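First the structure, in the form of structure tokens, and then the observations on it.
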Amino acid sequence: MSDSQTSSPAKLPPGIAVCGRQDAELARRTHAESPHSYRTPFARDAARILHSKAFRRLAGKTQVFTRLPAESPSDHFRSRLTHTLEVTQIARTLAAALGLNTELAEALALVHDIGHPPFGHAGEQALDHALQAHGLRFDHNLHALRIVTWFEERYAAFRGLNLTLGVREGIVKHSRDYSAAAHPELAEYFLDQFPPLEAQLIDLADEIAYLTADLDDGLDSGILALPQVREAVPLFRGFHDAVLIQYPAAAPKLAVNEAIKRVLNALVTDLLNEVRARVAALGATTLADIRRAPHRLAALSPQLEAERAAAKDFLYDNLYNSPIMEDAHSHATQVVQSLFAALIADPAQLPEDHRAQIPTEGLARTVADYIAGMTDSYIEQAWLRCGGS
Ligand code: MG
């Protein structure tokens, strides 16, 4: 037996993976298309997402830093695009290690943040508040679904990307479960069941990617200090100590990089082991077993989940909501709210294709759809054109 065979961890029972032929329903598209001679339905979906305009716009959307901190020592912070690619790398690793459908996992990872508005969390909150005054809410999963089913225009025969049901279900169920009573329009997405593991794993891949990346970017920005991270994030401290013993002469930034790399590996490994244990404990051997399990099966172990939650709380208090970020957040809120108000007051300023949506979607939703699609720099320009200052 070779090393790779002895060391490769167990895959899940093969019936659990989503398979294009076996699960024909999940490979179904809204508009029937001929099968491709050598590409699977989910690989085609990953490509459709990668080639979409909304995907390219992720390059201009904030992940954490709305504007670089004044006199920033670094200009290589994550954007939503690079974050998305990091999530995709982790998701493919997880799916491959468990014997799941890597192409479906890749498509879901590529699309998972496509519904986010400009200016990160602050922009999303401002848009949601603006909509609430009209009795509506902004939800980035549902906006992502609108992008792939309507706003993207690449086909002469229909609007949208005509993605498979499996990918659309994963979009709807990213990090939350909707009730069928509250969302009758989502009836085709099996709302009474959990999504396949390929979709469940995206939430965790997302958490792992941004936790480790934000420690990295937070330290690089100077907003977080190394002693502070060591004190508040024991998982980081343990690996950082080990690195300092192994490489006592390593430059401080290299020691941090080594430690963050190990944190990421520890979280991924723990997640793989926990999923295997939960699947085994349930005796699950088919996708139907995963769908009808008493809870989502993709999770970290209780110990690492507690460490992850503590690290996330630390990042909220000391990075995302730090006083240094306040100016950027209030600027984001002002730009989104005043542009929203200006467009509601004068819908003639909306582009023609958006104006055409008003009779069916209503003015407030149409304005929100337009704003949500913008990049950070585009919304700044639109705001200035509307008299913002
Ligand atoms: Mg994300």
Side-chain angles (χ1 to χ4, degrees), residues 45-46 49-50 52 54-66 76-95 102 104-125 127-128 138-148 163 167-178 195 197-218 260 263-264 267-268 271 296 298-300 305 308-309 311-316 319-321 325 329 332 372-376:
D45 279 5
I49 294 158
L50 191 70
S52 69
F55 187 81
R56 293 198 292 282
R57 290 198 300 262
L58 293 173
K61 295 200 184 204
T62 291
Q63 178 65 15
V64 172
F65 295 105
T66 303
H76 40 252
F77 301 118
R78 270 82 174 173
S79 66
R80 280 232 181 256
L81 179 63
T82 64
H83 159 74
T84 293
L85 296 176
E86 290 178 2
V87 173
T88 305
Q89 182 271 318
I90 293 169
R92 281 196 66 101
T93 299
L94 289 166
T102 54
L104 174 57
E106 178 174 7
L108 291 175
L110 289 172
V111 82
H112 90 279
D113 266 355
I114 214 163
H116 277 278
F119 293 146
H121 187 63
E124 180 168 11
Q125 223 172 20
L127 197 51
D128 187 41
F138 183 78
D139 177 311
H140 63 84
N141 290 349
L142 300 183
H143 186 66
L145 189 63
R146 292 162 66 73
I147 289 173
V148 302
L163 301 180
V167 169
R168 283 179 286 124
E169 181 196 7
I171 291 172
V172 168
K173 295 180 180 171
H174 173 56
S175 69
R176 64 170 289 190
D177 297 305
Y178 295 86
L197 274 177
E198 287 87 345
Q200 295 187 30
L201 284 168
I202 302 303
D203 302 349
L204 279 300
D206 188 21
E207 295 271 352
I208 292 170
Y210 76 68
L211 180 74
T212 49
D214 294 348
L215 286 174
D216 189 20
D217 284 355
I260 287 177
V263 169
L264 198 158
L267 289 167
V268 167
L271 173 57
R296 286 189 177 221
L300 293 165
E305 173 53 27
R308 183 204 62 78
K312 188 169 174 174
D313 287 347
F314 165 76
L315 286 171
Y316 265 96
L319 181 62
Y320 311 141
N321 296 328
M325 303 283 271
H329 289 171
M374 295 178 179
T375 60
D376 292 10

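Atoms within each ligand, like the ligands themselves, are counted from 1 in listed order. These figures come from a predicted structure and were not determined experimentally. Here, residue 1 is the first one in the sequence, and each next residue gets the next number.
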- Task: Report yes if the side chains of Tyr210 and Val64 come closer than 4.5 Å at any heavy-atom pair, otherwise no.
- Result: no
- Which residues and atoms, counting only protein N, O or S, are under 2.8 Å from the Mg ion (ligand 1)? His83 NE2, His112 NE2, Asp113 OD2, Asp206 OD1
- Message: Once you measure the plane-to-plane angle for His121 and Tyr316, does it fall in the parallel (<30°), tilted (30-60°) or perpendicular (>60°) bin?
- Response: perpendicular
- Do His83 and Asp206 have side-chain N/O donor and acceptor atoms under 3.5 Å apart? yes
- Message: Arg78 and salt bridge (Lys or Arg N to Asp or Glu O under 4.0 Å): which single residue from Asp113, Asp216, Asp214 fits?
- Response: Asp216
- Task: Under the side chain to side chain contact (heavy atoms under 4.5 Å, CB included) rule, what do Phe55 and Leu81 come out as? Steps first, then yes or no, please.
- Result: CA-CA 8 Å; Phe55 187 81; Leu81 179 63; 3.5 Å; yes
- Message: Is it true that Gln89 and Thr93 share a donor-acceptor pair across their side chains at a distance under 3.5 Å?
- Response: yes
